[in-house]
J.: 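Shown below is the structure under consideration.
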Amino acid sequence: MTSAPEAKSSQTRDLDALIVGAGFSGLYQLLCLRDRLGLSVQVLETAGGVGGTWYWNRYPGARCDSESHAYCYSFDEDLMREWQWSERYPQQPEIMRYLNHVVDRFDLKRDIRFNTRVASAHYDEAANRWHVRTEAGEEFSATFLITAVGCLSTANVPKIPGLESFAGDWYHTGQWPHDGVDFSGKRVGIVGTGSTGIQAIPVIAETAAHLTVFQRTANYSVPARNVPLTAEFRRWVRENTAEIRRTTRATPNGHPFLISERLARETPAGERQALYEAAWEKGGLQFRATFQDLLVDKEANDTAAAFIRGKIREIVKDPATAAKLADIDHPYAAKRPPIDTGYFESYNRGNVSLVDVRAAPIERITPEGIRTREGDYPLDIIVFATGFDAMNGPLLRMDIRGRNGVPLAEAWEAGPRNYLGLQVAGFPNLFTVTGPGSPSVLCNMPVAIEQHVEWITDCIAHLRARGLKRIEPKPEAVDRWVDQVNEAANATLLPLATHSWYLGANVPGKPRVFMPYAGGMVQYRAICADVAARGYEGFVLS
Ligand code: NA7
């Protein structure tokens, strides 16, 4: 397909770089390109403020599962020392305060345009520029286009027949009203038991008259053990910023703890049980790091799965409910493993009930509530904790067109294909921060983001220093990377969770391709550094 050259209006703003999104990645990318390289940069952001995913995910109980002292930028020691987190895991409002602090501290706001959604981004080969139009009709032209749109920003509202007829209110957790929702005295239904549902259920249950949980796939969860941070811990963080940074960079998932070298399979049963008990008491994603083989060896994984199932049966008093909750069909952590505060305990409340919609699927939504194959559930409010069209979803909803007018949606018809998760063949000078094919969601996000942003910054600096104008990957490098992403996933148990959003399986019709790079952040960082050191091997620079 050949498109006519873009007509450039006299109102077009010419830039060196245009960044889409003002979350963790867009903000740091702005700082790097503007303040370190001296480029003219504009950030466009749909929301009315910074925060990206966190701007929208304001649902009850919204909290990060990464520990706060590592869920932050590490590029500036002073910033790390001066910011004081209040709890082990940061709640949504605190993350927003942190990001706004970063924005003020580095004077970023003046180059961010809020309430501005990108409608299209088309590459003009003759001019070697990206022409970007907003929904309001503003036009920009830039040499480099950087998408910093996040992996979990396109809400997935299931197309259940009859939703428009519902007489009550319904909400998706990822598009939560800023003034909150009052559940008091209401009959509430929540669809979804992923990380979000598991965080929201205990909080909604506190005020709703009744909460009905519609569970399609039962899920593991480990207690978060959230606590306020002591003055002593905060001092330790201030004094050990370099060490914390080193740890997050030495481990595949970018968290501030290392994965044990012990193998579950080789540990005697009694000792193994004691280690799981200790990890359960400690809480958090660290449970996954109790043994090294949990994600690669099904028998090892079975021991963790059995332990958690045992805990579910211990906590949940009604045996029938416990059985439904423990009837989990995938290996532990093959889907993103949730952590919780009182999730399984919620089912012991008199006002919470569980409906198994795997056994009796939702048939439709009626004006009164949800109808499953087994009966009607009258509701005043429905909460969809049904996740996102993850990773490539936010990219595909923009009309991105590369060389010869080829839409990204066409180039990725059979699933995302790129090199290092960073660049797509046929889309020169387009960089995708935490794109599919990068570790992103399998890593503590700020750690992944800083690596991407710094790599992109160094790459652009490299081009400019040599008077080069264009970079794009060779198709054969893309082919190799797609194979590497598949091989990395297949070396783990992750593909065994066939309903997972890692595979795109949560969105009907989406190609089933394992999207994140599962080889770990340490290996990924080394690969990217090596590619750069070899003069950007696999890319064409011109
Ligand atoms: P997830 O992890 O995608 O979970 C979505 C949940 O919603 C999951 O239990 C789904 O069941 C369920 N779901 C989705 N569609 C339906 C329909 N049509 N009917 C019934 N149930 C449905 O999203 P989250 O927001 O919880 O978490 C996303 C990420 O945010 C998380 O992984 C962290 O990285 C932070 P399914 O499992 O598909 O059967």
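We count ligands from 1, going down the list as the structure has it; atoms in each ligand are counted the same way.
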J.: Regarding ligand 1, does T173 bring an N or O atom to under 3.5 Å of one of the ligand's N or O atoms?
T.: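 No, no N or O pair falls under 3.5 Å.
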J.: Check whether any N or O atom of T193, backbone or side chain, sits under 3.5 Å from an N or O atom of ligand 1, and answer yes or no.
T.: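 In this structure, T193 places an N or O atom under 3.5 Å from an N or O of ligand 1.
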J.: Check each heavy atom of F388 against ligand 1 and say whether those closer than 4.0 Å belong to the side chain, the backbone, both or neither.
T.: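 Only the side chain of F388 comes within reach of ligand 1.
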J.: Taking heavy atoms and a distance under 4.0 Å, where does A385 meet ligand 1: side chain, backbone, both or neither?
T.: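 Only the backbone of A385 comes within reach of ligand 1.
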J.: Could you tell me if any non-hydrogen atom of V441 lies under 4.0 Å from any atom of ligand 1?
T.: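 No; V441 lies far enough from ligand 1 that no heavy-atom distance drops under 4.0 Å.
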J.: What protein heavy atom sits nearest atom 23 (O) of ligand 1, and how far off is it?
T.: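 For atom 23 (O) of ligand 1, the nearest protein heavy atom is G387 CA, 3.1 Å.
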J.: Tell me whether ligand 1 is touched by F384 - counting only heavy atoms on the residue side and a distance under 4.0 Å.
T.: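 No; F384 lies far enough from ligand 1 that no heavy-atom distance drops under 4.0 Å.
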J.: Centre-to-centre under 6.0 Å for F384 and Y171, is that the case here?
T.: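 When the ring centroids of F384 and Y171 are compared, they turn out to be at least 6.0 Å apart.
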J.: With heavy atoms only and a cut-off of under 4.0 Å, state how P158 meets ligand 1: side chain, backbone, both or neither.
T.: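 Looking at P158 and ligand 1, just side chain atoms fall under 4.0 Å.
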J.: Please write down residue, atom name and distance for the protein heavy atom closest to atom 12 (C) of ligand 1.
T.: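 Here the nearest protein heavy atom works out to G192 CA, 3.6 Å.
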J.: Taking a cutoff of less than 4.0 Å between a non-hydrogen atom of the residue and any ligand atom, is Q215 in contact with ligand 1?
T.: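 Judged by the 4.0 Å heavy-atom criterion, Q215 does not count as contacting ligand 1.
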J.: Under 6.0 Å from the six-membered ring centre of F183 and within 45° of its axis: does the NZ or CZ of R187 meet both?
T.: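 No cation-pi geometry.
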J.: Classify the ring geometry between W85 and W83 as parallel (under 30°), tilted (30 to 60°) or perpendicular (over 60°).
T.: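 Geometry flag for W83 against W85: perpendicular rings.
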J.: Does the residue W501 have a heavy-atom contact with ligand 1, meaning some pair of atoms that are separated by less than 4.0 Å?
T.: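 Yes, that is the case, since the closest heavy atom of the residue is under 4.0 Å from the ligand.
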J.: Provide, to 0.1 Å, the distance between atom 31 (C) of ligand 1 and the closest protein heavy atom, together with that atom's residue and name.
T.: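 Nearest protein contact, heavy atoms only, for atom 31 (C) of ligand 1 is S195 OG, 3.5 Å.
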J.: Any donor and acceptor pair, going by atom type alone, linking the side chain of R88 with main-chain N or O of P228 inside 3.5 Å?
T.: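 Pair absent, no side-chain N/O of R88 close to backbone of P228.
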J.: With a 4.5 Å limit on heavy-atom distance, are the side chains of L442 and Y517 in contact?
T.: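 Not touching, per the 4.5 Å side-chain cut-off.
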J.: Is E281 paired with R225 through a side-chain N to carboxylate O contact shorter than 4.0 Å?
T.: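 Counted as a salt bridge, because a side-chain N and a carboxylate O are separated by less than 4.0 Å.
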J.: Distance under 4.0 Å to a non-hydrogen atom of V191: what atoms of ligand 1 satisfy this?
T.: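 Near V191, the atoms of ligand 1 are 19 (N), 20 (C), 21 (N).
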J.: Which of these, K335, H499, R216, M445, has its nearest heavy atom closest to atom 38 (O) of ligand 1?
T.: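 Minimum heavy-atom distance to atom 38 (O) of ligand 1 goes to R216.
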J.: To check your reading of the model: name the closest protein heavy atom to atom 30 (O) of ligand 1, its residue, and the distance in Å.
T.: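 Nearest neighbour among protein heavy atoms for atom 30 (O) of ligand 1, to 0.1 Å: L152 CD1, 3.5 Å.
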J.: At what distance is the nearest protein heavy atom to atom 4 (O) of ligand 1, and which residue and atom is it?
T.: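 The closest heavy atom on the protein side is G194 CA, 3.5 Å.
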J.: Can you tell me the protein heavy atom closest to atom 24 (P) of ligand 1 and the distance?
T.: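 Of the protein heavy atoms, T196 OG1, 3.2 Å lies nearest.
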J.: Any salt bridge linking D389 with R397? Criterion: basic side-chain nitrogen under 4.0 Å from a carboxylate oxygen.
T.: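 No, no charged N to carboxylate O under 4.0 Å.
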J.: Between E345 and K317, is there a side-chain N and carboxylate O pair less than 4.0 Å apart?
T.: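 Not counted as a salt bridge, because no side-chain N and carboxylate O are separated by less than 4.0 Å.
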J.: Before we go on, tell me: are the rings of Y71 and Y98 under 6.0 Å apart, centre to centre?
T.: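 Not close enough - the centres of the two rings lie 6.0 Å or further apart.
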J.: Taking the six-membered ring for Trp, is the centroid-to-centroid distance between F431 and H452 below 6.0 Å?
T.: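 Ring-ring flag for F431/H452: false, centres at least 6.0 Å apart.
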